[in-house]
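Worksheet for the structure shown next.
For ligands, and for the atoms within them, numbers begin at 1 and follow the listed sequence.
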Amino acid sequence: MSKQLVLMDHDGGVDDYLATMLLMTMDCIECLGIIITPADCYVQPAVSATRKILDLIGCFDIPVAESTVRGINPFPSLYRRDSFIVDHLPILNESETIRTPLVAETGQEFMVRVLAQASEPVTLMVTGPLTTVAAALDKAPEIEAKIKQIVWMGGALNVSGNVEKSLEAGQDGSAEWNAYWDPLAAERVWQTQIGILMCPLDLTNQVPVTSELVQQLGKQRRYPLSDLAGQCYALVIPQDYYFWDVLATAYLAHPEFYQLREWETMIVTTGLSQGRTKIVSGGRKIQAMDRVDVSSFSTYILQQWAR
Ligand SMILES: [Ca+2]
């Protein structure tokens, strides 16, 4: 069976590194590259950490590209500083040199080139804002035909968003961060014919990172990937933390763990609800992950990181 072509676009949060790590363990996937969108991170340490993680896994030939897009509503620096912490974890710094290549072109240029050159349509696995995708589509609209679908961790349909009112004045709490960082980019992607599969907060809210799971990773810390995942989750366990990006990414290997549901939606781009993925009759049809078998999912990630 031929492998599914995937191009990953992540935004440098703790969760994004672990989603990358999970993607790299999937036998059914051929990863064409990894783009870092400078959203939930400071981009220099996020690019560095991503390359070091690929080195740790032994995937020295996956190109990494730095997107130079900018969002409208920046992530809090408190979240973004995690990228510096992960980049400095001892397990990622045993070697003084990084082997995984950083491409010279920007992430958005790289996305255009990879899609244009691909032998068949490619799945975009996006675990951050859609800004790099929107920029690539603006640059070369013809690549739309080369995108098989976009699997996106983002949006909140029938639950509140996660942009807290206490952190962000002037909004009503309905937006999810990846949409809120750049609502216009989400709207740009919504205007295409590309199949969109969302992993919304509606689902991720049901799959928190638990102490029990972190302890299970500890029991298998003789494996470098479990050790790194355990360290990353220990870093964020004091806050409410969920398997946002990891849950979205696991879909690629095990769609049978998930139930999907179709919705008609629009992106609110201005005002107090900007960044809201709103259900409206007659709106843009998308699929959303609706339910997941949490036990199978947990077993799967523990098994994949036992290496
Ligand atoms: Ca992310």
Side-chain angles (χ1 to χ4, degrees), residues 6-24 31 33-51 53-54 64-67 69-87 107 111 123-134 150-156 161-164 167 175-183 185-186 189 196-205 207-209 228-229 232-233 235-236 239-252 275 277 288-289 301:
V6 174
L7 180 59
M8 182 161 199
D9 175 352
H10 80 63
D11 74 331
V14 170
D15 204 12
D16 295 273
Y17 304 120
L18 301 178
T20 302
M21 218 161 75
L22 186 64
L23 182 71
M24 291 301 123
C31 180
I34 298 178
I35 296 163
I36 292 100
T37 292
D40 186 11
C41 66
Y42 292 98
V43 76
Q44 185 275 328
V47 168
S48 170
T50 300
R51 295 169 67 207
I53 286 168
L54 293 175
V64 170
E66 177 186 328
S67 168
V69 300
R70 293 291 178 266
I72 292 164
N73 301 301
F75 273 81
S77 54
L78 188 65
Y79 300 0
R80 298 169 69 195
R81 66 201 282 275
D82 287 343
S83 53
F84 277 105
I85 297 173
V86 173
D87 188 42
M111 183 176 281
T123 295
L124 294 185
M125 182 69 235
V126 184
T127 58
L130 290 162
T131 314
T132 301
V133 179
I150 298 174
V151 179
W152 182 47
M153 191 283 121
N162 60 358
V163 179
E164 290 171 34
L167 280 174
E176 180 279 329
W177 263 109
N178 288 338
Y180 181 68
W181 195 73
D182 188 355
V189 171
I196 296 171
L197 173 57
M198 281 172 54
C199 180
L201 295 184
D202 306 61
L203 184 67
T204 59
N205 284 351
V207 195
V209 174
L228 176 56
C232 286
Y233 285 133
L235 171 69
V236 295
Q239 70 203 72
D240 279 341
Y241 212 84
Y242 297 85
F243 288 103
W244 295 288
D245 299 348
V246 173
L247 186 64
T249 303
Y251 176 85
L252 297 177
T277 46
M289 300 178 201
I301 60 173

Check for a donor-acceptor pair, side chain of Thr127 on one end and backbone N or O of Met153 on the other, with a separation under 3.5 Å.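 Absent.
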Check for a donor-acceptor pair, side chain of Trp244 on one end and backbone N or O of Asn205 on the other, with a separation under 3.5 Å.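 No, the answer is negative, given that no donor and acceptor are paired below the 3.5 Å cut-off.
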Backbone or side chain, does Asn178 get an N/O/S atom under 3.0 Å to the Ca ion (ligand 1)?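 Here the distance criterion (N, O or S atom, under 3.0 Å) is not met by Asn178, so no.
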Name of the Asp245 atom (N/O/S only) found closest to the Ca ion (ligand 1):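 Within Asp245, restricted to N, O or S, the Ca ion (ligand 1) is closest to atom OD2.
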Would you name the N/O/S atom of Asp11 that lies closest to the Ca ion (ligand 1)?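 Of all N, O or S atoms belonging to Asp11, OD1 is the one nearest the Ca ion (ligand 1).
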Would you call the rings of Tyr79 and Trp177 parallel, tilted or perpendicular, taking 30° and 60° as the class edges?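 It falls in the perpendicular class, over 60°.
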Aromatic ring pairing Tyr233/Phe243, orientation class (parallel under 30°, perpendicular over 60°, tilted between):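 Ring orientation, 0 to 90° scale: perpendicular.
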